[in-house]
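Residue numbers begin at 1 in each chain, while the letters A, B, ... track the order of the sequences. As a basis for the values below, the full set of heavy atoms in this structure was taken, side chains included, without hydrogen atoms, waters or symmetry mates.
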Amino acid sequence: MTIPQAHLNYILQLGDNALILGHRLSEWCGHGPVLEQDIAMTNIALDLVGQARSLLQYAAQLEGKGRTEDDLAYLRDVWDFKNVLLVEQPNGDFAYTIARQFLFDVFNYFLHEQLQQSKDETLAAIAAKSLKEITYHLRWSSEWMIRLGDGTEESHEKIQTALNDTWMYTGELFNMNETDQLMLEEGIGVNLTHLENPYRQKVAAILNMATLQVPPKGWMQSGGKEGKHSEHLGFILAEMQFLQRAYPGAKW
Amino acid sequence: MTTQKIWQLLEQVCDPEVPVLTIVDLGVVREVNINPSNHKKEKEQVEVIITPTYSGCPAMNVIEMDIKATLAQNGYPNHKVTTVLSPAWTTDWMSENGRQKLKAYGIAPPEKGTVDKNALFQDDKQVQCPLCDSTNTKMTSQFGSTACKSLYKCLDCLEPFDYFKCH
């Protein structure tokens with residue numbers, strides 16, 4: 001892999017995480033348990049899709065083949081997407097959505113804190129902007145972990161189950177693939193392995209406040225960053241890309 | 001051609017979602033440049049540099065169109081709008097005038113200083129009710145009708161209100 005290729009892949013990894021999680025959350029629009037939380041989820045979705053726009057615009061520019069942010073979002077297929085498996089998991093019930101969001105927000109917070117120091121000035125600028133938004137996301141999802149965990153017997157059981165089921169997607173967050181390695185050497189990327197300890201500590205601290213158990217160590221799923229996705233991503237793309245596939249070049 | 005005239009024109013461009021604020025009040029306009037033209041017959045180019053408030057702010061495209069329309073209507077056909085992300089926009093850039101206009105409009109202006117959001121469970125800032133000025137208020141939702149606002153209610157006059165949150 002050449003450095004420019006790795007650079008492009010790196011931005012796509014970040015952009016696809018934001019895009020797919022943003023799309024997933026937007027599925028809650030009009031279905032939130034209460035109005036305020038419906039608004040919260042769609043607000044967070046909007047932030048993430050906005051971050052994805054900045055990143056995919058930059059990726060399109062780095063690629064230099066005349067593609068746009070929209071081409072990258074709407075005209076790539078499953079195996080071209082480089083998001084982690086965690087963000088494409090189904091919304092499930094509210095507990096699954098909160099567990100997924102929390103497990104990603106903690107990671108995303110530490111990641112963007114580091115990305116602000118990237119030698120790539122464009123990436124550093126996007127990261128500094130995004131971090132302000134991610135901080136609010138983390139606060140929201142942490143508060144919900146605590147509220148559900150330390151809530152009723154039923155809410156406690158539901159969030160613990162969701163957490164246990166989602167846990168196997170947290171290992172991939174810290175995997176260094178060839179792209180990550182090359183970008184780390186260039187001073188553009190982050191050493192993900194260094195994020196794992198602070199991540200596990202932060203998660204444990206919140207779970208403790210939420211009276212929840214840290215799930216036991218077990219098999220960790222991975223593959224998303226290499227384009228090997230769960231079946232769910234295909235369904236997301238089928239919906240997200242429908243218009244551009246059915247009516248190529250359609251514009252608002 | 002002076003940049004001062006352009007700044008005055010930009011005072012006419014309002015935020016489409018909070019129409020009481022101009023883009024200058026908000027701190028969205030970072031710079032105005034007059035670039036020399038490449039051709040002798042062509043007018044100098046006006047360049048307006050803007051920065052988005054929030055990554056996903058849907059108002060940015062409208063703001064860009066409004067800037068272009070305002071410049072074109074006022075005799076500056078040769079113009080361009082450039083978006084920069086760094087340094088990231090902060091509510092601290094909102095003008096004092098803008099803050100007063102917000103309050104008069106019924107939206108509590110952002111508290112000064114942007115550090116509060118870095119602490120996960122720091123107590124919520126005391127936000128003053130824009131209607132009765134009481135600080136006996138409570139956050140009802142961290143996310144409001146737009147990305148830039150939270151929902152609050154006043155425990156004294158009991159009115160719900162929007163708070164323009166710190167960024």
Counting distance only, does the side-chain N/O of [X] pair as donor-acceptor with the main-chain N or O of [Y] below 3.5 Å?
| X | Y | result |
| --- | --- | --- |
| A/E133 | B/S55 | yes |
| A/K132 | B/C166 | no |
| A/D47 | B/Y54 | no |

What do you reckon, is [atom1] of [X] surrounded by more than 12 foreign heavy atoms closer than 6.0 Å?
| X | atom1 | value |
| --- | --- | --- |
| B/K101 | NZ | yes |
| A/Q213 | CD | no |
| B/K149 | NZ | yes |

Below 4.5 Å from any heavy atom of chain A, which atoms of B/T53 appear? Answer side chain, backbone, both or neither.
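It is the backbone, since no side chain atom gets that close.
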
Any heavy-atom pair between the side chains of [Y] and [X] that's under 4.5 Å?
| X | Y | answer |
| --- | --- | --- |
| A/E36 | B/Q142 | no |
| A/L46 | B/P58 | yes |
| B/P52 | A/K129 | yes |

Would you compute the distance between atom OG of B/S141 and atom CG of A/N43 and round it to the nearest 0.5 angstrom?
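The distance works out to 8.0 Å.
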
Would you mind telling me which of A/I39, A/L35, A/L48 has the largest number of heavy-atom pairs within less than 4.5 Å of chain B?
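Max contact count across the listed options: A/I39.
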
Give me the ring orientation class for B/F143 and A/W140: parallel if the planes are under 30° apart, tilted from 30 to 60°, perpendicular past 60°.
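Rings of B/F143 and A/W140: perpendicular, as their planes differ by over 60°.
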
Quick check for you: among B/T146, B/T140, B/L85, which has the greatest number of heavy-atom pairs under 4.5 Å with chain A?
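Most heavy-atom pairs under 4.5 Å with chain A: B/L85.
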
